[in-house]
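Per chain, numbering begins at 1; letters A, B, ... match sequence-line order. Predicted model, so just to flag it, every value in this text is computed and none were measured.
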Amino acid sequence: MNAEKFHIEAAEALTVWYNSHKRDLPWRLDRDPYRILVSEAMLQQTQVERVKSFYARWMERFPTLTSLASASEDDVLACWQGLGYYSRARSLRKAARLVRDAGLTTLPPDWEFLRSLPGLGPYTVGAVCSIAFDLPVPAIDGNVRRVFSRLLDMPDDPAKAKGTALIAAHAAAILKLGSPHILTQAFMELGATVCTPGATCRCPQCPVSRLCAAKAAGTQGQRPAGPRKNVVERRNGAALLISLPQGCAVRKRPIGGLWSGFCEIPWLRGEEKESAFSCLSRLAAELRLSCPCTDLKLEETLKFTRWQVRLHLWSCRMPQPPAGCDELSTDKLIGLPMPAGLKRLVQKALEKSGEKQLELFSPVR
DNA sequence: GATGCGTGGTC
DNA sequence: TGACCAAGCAT
């Protein structure tokens, strides 16, 4: 089949299929560009089911771009808390302020301007342009890469620049043959519900299976081709719940890097094959601790892209906060912007102290 | 182009 | 249950 016929048949089949098979999602109630942008930012590397409740809460709190522009960063982060990749929230707020400072009250249909905003990369700009403004700008995400790597039976990694350019060319050609806002979402919807990863794809339900080169060759389970994923390194770690006269010790993470600007209880990631107890010793030395520590027998796994940490929790009592830490009352502790894994650990400790009446936070005599 | 950035779900 | 996945972006 020649390319032109491929594009025409794909546009027709996907339009029909999307109109009858699209899911009802909260960000599909209208095509307001701000609402589309928020959904796209939240959906970056995040599953639809997880985004739903965050999206609803966000829209209630920051219903318009101007309301977001006038919000404080703390309020924005609090609303994003638990969703991960927090630079997305900071960027979204900055972008809203830049739009406002440009004298606008809403996002303009201007690729160059949108691309200049923080947090809006090639994919997100494509999504806003095509979905909100109905412009034929392709939005290439993981779903679309997978769909096209199969349609074209691409033998090389579609995430590489060459593969992405090829996919963008085909996607743009198809968008021009129909409604870009329908077709962009159709590519993604197909990837999310039918053309799913590995051997789980549902080819019998696919509206474009007869156009699919991988289906014809039987290679759909091996697409997209790509490099082996990195192994996640597993390590131990130690965390400390330090009881102070009026609460417990927390510290603020530096700006930039992991959990930028968030609060945390003191903790330390172990070296390769280091025991949790050895981590505790190093942590105690770092904090210049001179008191005995009690093993609370509580653990939590912190998961990251390249490593995960089995974090063991100890407690101790001190008359004043150690170096680098501040004192905070325990009732304020739970409301603090704190990474999800650490917060789970703290909550476990609070529950345990309640059950066993450990007087974990009673004043030092 | 490679790496850092969170979190929770799936099989 | 461990490996992989989920609508990327900035540096």
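- Each of A/Q308 and A/L25 lies near DNA chain C, and the nucleotide nearest A/Q308 is the one positioned closer to the 5' end.
- Across all strands, A/R28 comes closer than 4.0 Å to base atoms (heavy-atom distances).
- The residue A/R146 sits close only to the backbone: its heavy atoms come under 4.0 Å of sugar-phosphate atoms, none of a base.
- Taking atom NZ of A/K94 as the reference point, atom C1' of C/dC9 lies 12 Å away to the nearest angstrom.
- Comparing C/dC4 with B/dG6, their C1' atoms are spaced 16 Å from each other, to the whole Å.
- In this model, no donor atom of one side chain and acceptor atom of the other lie less than 3.5 Å apart for A/E189 and A/T193.
- One can place CG of A/L83 at 13 Å from P of C/dG8, the figure rounded to the nearest angstrom.
- In this structure, A/Y86 has its ring center under 6.0 Å from that of A/F262.
- In summary, A/E274 and A/R310 do not engage in a salt bridge, as defined by a charged side-chain N under 4.0 Å from a carboxylate O.
- When heavy atoms are screened at a 4.0 angstrom cut-off, A/Q47 is found touching base atoms of the nucleic acid.
- Atom CZ in A/R88 sits about 9 Å away from atom P in C/dG8, given to the nearest Å.
- As rounded to the nearest Å, B/dG4 and C/dA6 have P atoms that lie 22 Å from one another.
- Side-chain atoms of A/N236 and A/S275 form no donor-acceptor pair, as typed in the model, at a separation below 3.5 Å.
- A/R344 comes within 4.0 angstrom of sugar-phosphate atoms only, judged by non-hydrogen atoms across all strands, and of no base.
- Listed nucleotides: C/dC9, C/dA10, B/dT7. Nearest to the side chain of A/R115: C/dA10.
- Summary of the strand contacts: A/K160 and A/F262 both lie near DNA chain B, and taking for each the nucleotide with the nearest heavy atom, the more 5' one is attributed to A/K160.
- A straight line from CZ of A/F54 to P of B/dG8 spans 8 Å, rounded to a whole angstrom.
- Residue A/R234 places at least one side-chain N or O under 4.0 Å from the OP1 or OP2 atom of C/dG2.
- When only modelled atom types and interatomic distance are considered, A/E271 and A/S278 share no side-chain donor-acceptor pair under 3.5 Å.
- For A/Y85, taking side-chain heavy atoms from C-beta onward, the closest of the listed nucleotides B/dG6, C/dC9, C/dA6 is B/dG6.
- Contact annotation for A/T124: backbone-only contact, meaning every heavy-atom pair under 4.0 Å involves sugar-phosphate atoms and none involves a base.
- At whole-Å resolution of the value, CD in A/E300 and C1' in B/dG8 are 12 Å apart.
- Taking only side-chain nitrogens and oxygens, A/R50 comes nearer than 4.0 Å to OP1 or OP2 of B/dG8.
- Contact annotation: A/Q45 side-chain N/O to C/dG8 OP1/OP2 distance is under 4.0 Å.
- Within 3.5 Å, no donor on the side chain of A/T46 pairs with an acceptor on the base of B/dG8, nor the reverse.
- Rounded to an integer number of Å, the gap from CE of A/M338 to P of B/dT7 is 12 Å.
- Using a 4.0 Å heavy-atom distance criterion, A/R310 is classed as making no nucleic acid contact.
- Each of B/dC5, B/dG8, B/dG1 was ranked by its minimum atom distance to the side chain of A/A161; first place goes to B/dG1.
- Looking at A/T200 and A/T196, their side chains do bring a donor and an acceptor atom within 3.5 Å of each other.
- Set against B/dC5, C/dG2, B/dT7, the side chain of A/L258 has B/dC5 as its closest nucleotide.
- In this structure, the ring of A/W27 has its center less than 6.0 angstrom from the ring center of A/Y55.
- Taking only side-chain atoms of A/Y123, from C-beta outward, the nucleotide of C/dC9, B/dG8, C/dA6 with the closest atom is C/dC9.
- Nucleic acid contact class of A/V48 (heavy atoms, under 4.0 Å, all strands): base.
- Look at CG on A/L92: it is 14 Å from C1' on C/dG8, rounded to the nearest Å.
- Residue order along DNA chain B, read from the 5' end via each residue's closest nucleotide, puts A/G82 first among A/G82 and A/T200.
- The separation between A/W80 atom CH2 and B/dC5 atom P is 18 Å, rounded to whole Å.
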